[in-house]
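A short write-up of the structure that comes next.
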Amino acid sequence: MRWLLLKDLQILRRSPLLVALLVIYPIVLAVLIGVAFSRGPDKPAVAFLNQIPAAAKTVHLGAEEIDTARYERDLFKSIDPVAVSSRAAAIEKVRRGEVLAALIIPADLTQKLESGLEPPEVEVFYNAEDPVKARFVRDTINSRVQDANAALAKRYTEIASGYLDLIAGGGELKILGRDFTVLGLRRSEEILRRVQTDLPPGSPLGAQLEGVRRFAHVARENLDLSDDVLASVATPVRVRHEIVKGAATGLNSYAVAIAVTFSLMFVTLLLAAGMLALEREENAFARIVRGLVTMTSLLVEKVILAASCSTAVMLAMLAGLSLFIDLDWSRSPLWVVAIASAALAFASMGTAIGALTRDLRAASLLAFMVALPVAFVSLVPTGTVSAGLYGGIRVASALFPFRATLTAVDASLNDSGGLGAALLHLGALAAAFALAARVALRRFA
Amino acid sequence: MQRRPAASLGEVPAAGSPLIEGRDLIKRYGGRAALNGVSLRAGRGELVAVIGPNGAGKTTLLSILAGLDRPDGGTVISTAQRIGWVPQRPALYAKLTVAENLRLFARLERCTDVVGAVERMLDQAGLRERANDQVGELSGGGRQRVNIAIGLVAAPAVLLLDEPSAGLDPRQRERLWTFITGLAATGTSVVYSTHDVQEADRYAGQVVVLADGERLFTGSPRELERAVARAGTPVPRDFEAAFVGFLRESGH
């Protein structure tokens, strides 16, 4: 068997186009994914007109000041602002397609915020020729405006809460450069209690003062609760996230797991199916199984060849990806276990495909025709189809190594759990496909 | 099928005893009989030609003798430890060189002296000059010589060739037959199938005529000519005419 293995490696070495495709394809895929994730989405060009006068960029709320420039800077992190001189110029740039959107900040924004009587309104104009980018711009601007709203609401709440604390507890207040002393309900209540004790017994004022003191007491106690109430008004609904199934894998890491699974599937299937079919295409199959090598040994040799080569290529691909995406190298022994197990399962499946075909082209075509639907079916997420159909999809995807490979690779890369079960599943699939390949080889030899 | 244990290495079979023999071989594909009770035997140094029209069962007979196919009935008996097999289409690896192909098969055949076997075949097949060329770069004749050399690399006592001269030009054929008759002269038993009845006439000591899976004749080319003459038909002008006349007389 080792001579056949060496022979196949020699053939691969002399097939530069095939090797280039097998090696370069996953590496290019890795680089593309890496570049895509490391760069992030391009900032959309947005015409920006801030009509607020330079002197009025700060919002004054009582004794507090809020600088609106801070929210402008946050917005510019997500968009590429194109300065324009007028509202008309901004709209014209959108119309001509020079920018995807225009954002107009009205001159009275800070004024309206200070008055609190009417909410200010920003205007956004879109170019919807590219629906994906238009949606991205709209979502980005909406998101930033929501952020600003939330931050302003929080500041308003803090300021209002401060005033209420002042009313309840008393203290110093500075308005327009002048200091004022606020007595506060607590001290008012104390003064009233002292006055009550100084009154002659049976004085009719005593009962009236008692009513005022009780009011001051109740008002102060309720105002103590106002901080929580105002905080609730500022953020009426809070969201608590809890994962009940699956793990919190980062999008980048999951994309790496998918890229590895796809590449591993194609490289291994094509290699195993192709190298077995090549034995027939070269007409050497009959010669070597005529007592020189058993059919089982031939299959084992192809599985080892395809699994070893694809494992090596995938590890190189992960090394390439790690230049762009942060991968935990301390988990690399688990990567090897997961990838090698998956490669064995795919290689067995590849030999089953190769056993059904008589030449390289038919084997490659069949491998593609089987692999693509298997991958797509395995990636159907729960909740997107009816429960019955999803049950069928789960059963169908469990019959092929893609889903188990994705689970194993994701678990090895991201500690998302389920590695042991996935490895057992892959082992069972490797054995089942090897058996199917052996039967097919005998049947179609 | 019953295959008698091979003789031990170096054992010289008794004079006249066959190195390989197929007895009453039957092979069916579905309802069609590809072979129907065909027998054949080849002794040491003997050249046996299997001839017949397309679909006669020549390749099936050789495949069964080579151990590639199992017969549905009958027996193959061989005293040879190794039987060389040369399929009609070259069975070798185009990306490997001539020497690498020979080395690979010598190793798979478990030759004790791999280097010696490869060197011997490079010389015998006249491939020394092309030893380091990839087989894919050789002409059809060159590939066929490698194909035959692979069949011989383990020095088999019996060599089975399925239409070895197919696709070769006259000069290549001449070289091929010089090579094969040389092998027979050194004691190798050679059984070959061919469409070319002249090749059977010129090189074979024994001819087996097949048609529709039936064995119609076994004997020397001259005996075939005499058999046609005995049948009352005009005396054939050559062996090919005798062969065609024989098939006609036999209803094929």
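In what follows, chains are A, B, ... by sequence order, proteins preceding strands, each numbered from 1.
- Only the side chain of B:Arg110 comes within contact range of chain A, with heavy atoms under 4.5 Å apart.
- Put simply, the side chain of A:Glu282 never gets that close to the backbone of B:Ala91: no donor and acceptor are under 3.5 Å apart.
- Side-chain contact check for A:Asn283 versus B:Pro90: every heavy-atom pair is 4.5 Å or farther apart.
- Across all their heavy atoms, A:Arg287 and B:Trp85 have their closest contact at NH2-O, 2.9 Å.
- Heavy-atom distances place the side chain of B:Leu104, and not its backbone, under 4.5 Å from chain A.
- Within residues 5-15 of chain A, the residues having any heavy atom closer than 4.5 Å to a heavy atom of chain B are A:Lys7, A:Gln10, A:Ile11, A:Arg14, A:Ser15, listed by residue number.
- Taking every heavy atom of both residues into account, A:Arg290 and B:Ala66 meet most closely at NH1-O, 2.8 Å.
- Contacts of residues 127-138 of chain B with chain A at a heavy-atom distance below 4.5 Å involve B:Gln134, listed in sequence order.
- B:Leu108 and A:Val293 get closest at one heavy-atom pair: CD2-CG2, 3.8 Å.
- Side-chain atoms of B:Phe105 and A:Leu292, non-hydrogen and from C-beta on, do get closer than 4.5 Å to each other.
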